Structures are given as structure tokens and as C-alpha cells.
*Asks:* 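Can you keep this structure in mind? I'll have questions shortly.
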Amino acid sequence: MEITQRQTSRAAGWSRRTGAFSAVLLLTVLVGHRYDLVETPAFLWVLGIVALLAAFALLFAGLAFSRLWNFGDRGGRDLTVGTLLALLVLVPYGVAAYWAATYPPLRNISTDFDDPPMLGTSTRTGDMNALSPPTPGEQRLQTETYPLVTERSYNLPFDRVLEAVETVLDRRDWQLTAPFPDANGQNEVTIGALAKSFILGLPADVAIRVAEDGDAIIVDMRSASRYGRYDLGDNAARIVDFLAELDQEVAGQVGTAPAE
């Protein structure tokens, strides 16, 4: 009786190697982008390559499983490792796809539609998102989806409100695009900053406007993503969190809550 020798599936080995490379590449580019070692356009391209490599790892695993099932080839461990690594890499992409389907296609959020705070354009390049006024449809989407994105009105002196804004800013790792303005002789100032998303570190321009309006001081905010068609709720969350903390800072000074 002739005994057929079992072969080792080369597709299983490629599945393990491709899955491992995609995982290492993903971690490397995430860390590099977080610490400004990789520019955002290149970072987005590498994310696409990582997803493609993970898909190839699953394809190789499928071919290896077919050989294992039909011909009894070796390589079950390699295809299992490759499949697990590929699925682990693709999980964030699946979450991002779900968020893209859930959140509205907005990337420029402001508390004032008619006169949004001015964003600095000196550091923006042509490959970034254009800073265009929101359309009526985008205004409606923002109002319905993010009802908490509203301006603040404080019955405090101008310098006290500006000091509270500076205190809240100091607690964040945002990078100011210009020196913090002086309150002396001013009745309206705009503070510009560069913020980054929590997970991917995608940059967004932020503007905080503090202006006198009769006896009240109005604080408006604007946050606009530099890249990507969807912000996945990042800009609205940034504004809501900042203004909520500003409310607490002001309430701690005067002992009362501000009016929205």
C-alpha cells in the first residue's frame, strides 16, 4: 500500500506572514503618526495598504483551508494565526465603517452658523478639506444630530471669561497657532489651536471666539477636520467637552451655571 506524504500549504505560511506584517505595520504607523513622525496624507495611504494586506491574509487563509480540507495539507496553525491577526487588524476598520454609516457626513462644526469663528489658514495646504460655509442641509444635520453644540453666554467681565478659557485650554494638549491674546482693551478675541483626534490623531483646526454682547460675554467655538470626508462625531464631541468644562470653570468662579 502506498502512503501519500502530506504537503505543507504555502498559502498558510503566506497567510501568517501577511497577517503579521499588516499588524506590525498598523501599530508602527499609528505610533509614528501620533508622534508626528508620519504626515497625515501618508498615514491615510498606509492605512489603506494595511487593510489590503489583511484582506490578502484572509484570502491566503481561505486557500490554505481549502487545501487542508480537500487534500489534507499541513498548515492549520499558520492559517489560524494569519486569520486571527487579519481579523484583529480589520476590527477598527469595521468600527470606523459603522460610525461612518451612523454619523452624518459632517467635518466642520460651529456653534454659530451665520458668523462662525474664523479659523487660521496659514498652516493649511491645498490637499486639506476646504473651509466652506455650511449648507442649509448641513446646518439641519448638525442641529438634529448634535443639539448640545451651542454657544455660551456668561454674565462676567470679559477678562474673567478669557481667563477661564485659558485655564481650560491649559488642560488640553492642543497646540496654539498664535500666542494667547491679551484681554486689555479688547472686546472680542479669537483663539486658534490645532487639536488631534483621540485614537488616530487626525488633525483639526479649532477656533474659540470670546466677544462682548451687551452685558453678556458670548463664547462661540468651531472645529474643522483637515482630512477626511467624515469626522465620525469628533468635532462635535470636542466642542461639547470643551464648553462643558468651561461651564464648570465659570461656575467654580461665580457659583452659578451659565446660560446656553
Side-chain angles (χ1 to χ4, degrees), residues 22 25-55 89-150 172-175 177 192-208 220-243:
S22 66
L25 183 59
L26 178 61
L27 292 176
T28 302
V29 75
L30 284 175
V31 174
H33 186 255
R34 171 62 64 177
Y35 291 98
D36 297 327
L37 300 176
V38 179
E39 295 184 354
T40 302
F43 170 69
L44 296 176
W45 276 106
V46 174
L47 287 183
I49 294 173
V50 168
L52 187 61
L53 288 172
V89 168
L90 291 175
V91 163
Y93 293 87
V95 174
Y98 172 76
W99 285 348
T102 303
Y103 288 99
L106 298 174
R107 59 194 181 196
N108 189 348
I109 304 297
S110 175
T111 58
D112 189 345
F113 293 136
D114 298 327
D115 184 22
M118 186 67 65
L119 293 172
T121 58
S122 59
T123 58
R124 297 182 69 92
T125 58
D127 60 341
M128 298 179 184
N129 293 331
L131 294 176
S132 57
T135 64
E138 291 174 340
Q139 295 180 17
R140 184 179 66 256
L141 277 176
Q142 177 184 319
T143 303
E144 294 175 352
T145 310
Y146 310 120
L148 297 180
V149 178
T150 56
R172 284 164 163 73
D173 59 353
W174 299 356
Q175 178 184 353
T177 56
L194 177 64
K196 293 185 177 181
S197 60
F198 177 69
I199 299 177
L200 297 181
L202 297 176
D205 289 303
V206 179
I208 306 167
D220 280 297
M221 244 185 117
R222 183 182 181 186
S223 182
S225 301
R226 288 189 170 184
Y227 299 94
R229 182 181 178 185
Y230 300 88
D231 66 1
L232 305 181
D234 178 68
N235 291 307
R238 182 177 296 111
I239 293 176
V240 170
D241 291 343
F242 185 92
L243 293 180

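Note that these values count all heavy atoms, side chains included, but never hydrogens, waters or copies made by symmetry. None of these values were measured; they are calculated from a predicted model.
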*Asks:* State the CD-CG distance between Gln142 and Asn108, to the nearest 0.5 angstrom.
*Replies:*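 The CD atom of Gln142 sits 8.5 Å away from the CG atom of Asn108.
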*Asks:* Quick one: does Val206's side chain get under 4.5 Å of Phe242's, heavy atoms only?
*Replies:*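 They are not in side-chain contact.
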*Asks:* Please report the closest heavy-atom contact between Ala193 and Thr177, naming both atoms and the distance.
*Replies:*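 Answer, listing the atom of Ala193 first, then Thr177: N-OG1, 3.9 Å.
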*Asks:* For side chain to side chain contact (heavy atoms under 4.5 Å, CB included), just list the numbers for Tyr146 and Ile239, CA-CA rounded to whole Å, side-chain angles, deciding distance to a tenth of an Å, and then say yes or no.
*Replies:* CA-CA 10 Å; Tyr146 310 120; Ile239 293 176; over 6 Å; no
*Asks:* Given side chains that start at C-beta, do those of Asp234 and Arg238 come closer than 4.5 Å, heavy atoms only?
*Replies:*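 Yes, at least one pair of side-chain atoms sits under 4.5 Å.
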*Asks:* What heavy-atom pair brings Asn235 and Ala224 nearest, and what distance separates the two atoms?
*Replies:*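 The answer is OD1-N, 3.7 Å.
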*Asks:* Show me the donor-acceptor pairs within less than 3.5 Å that the side chains of residues 194-201 make with the rest of the protein, sequence neighbours left out.
*Replies:*
from	atom 1	to	atom 2	distance (Å)
Lys196	NZ	Asp36	OD1	2.3
Lys196	NZ	Asp36	OD2	3.4
Ser197	OG	Gly201	N	3.1
Ser197	OG	Leu202	N	2.8

*Asks:* Within this structure, what is the CG-CG distance for the pair Asp115 and Asp220, rounded to the nearest 0.5 Å?
*Replies:*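 Nearest 0.5 Å value for the CG-CG distance: 8.0 Å.
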*Asks:* Indicate the atoms forming the closest heavy-atom contact of Pro92 with Val89, along with that distance.
*Replies:*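 Closest heavy-atom pair between Pro92 and Val89: CD-O, 3.0 Å.
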*Asks:* Nearest 0.5 Å, what's the CG-CZ distance between Leu232 and Arg107?
*Replies:*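 If I round to the nearest 0.5 Å, the distance is 12.5 Å.
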*Asks:* Distance-only check: which donor-acceptor pairs under 3.5 Å involve side-chain atoms of residues 128-135, not counting sequence neighbours?
*Replies:*
from	atom 1	to	atom 2	distance (Å)
Asn129	ND2	Ser225	O	3.1
Asn129	ND2	Gly228	O	3.0
Thr135	OG1	Glu138	N	3.2

*Asks:* Pairs under 3.5 angstrom only: tabulate donor-acceptor contacts from the side chains of residues 39-54 to other protein residues two or more places apart or in another chain.
*Replies:*
from	atom 1	to	atom 2	distance (Å)
Thr40	OG1	His33	NE2	2.9

*Asks:* In terms of heavy-atom contacts, does CZ of Phe113 have more than 12 from other residues, nucleotides or ligands at under 6.0 Å?
*Replies:*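 It does: Phe113 CZ has more than 12 such atoms within range.
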*Asks:* Does any part of the side chain of Arg222, heavy atoms only, come nearer than 4.5 Å to the side chain of Asp112, both counted from C-beta?
*Replies:*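 SC-SC contact between Asp112 and Arg222 ruled out.
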*Asks:* Calculate, to the nearest 0.5 Å, the distance between atoms OG1 and CG belonging to Thr150 and Leu243 respectively.
*Replies:*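 CG of Leu243 is found 7.0 Å from OG1 of Thr150.
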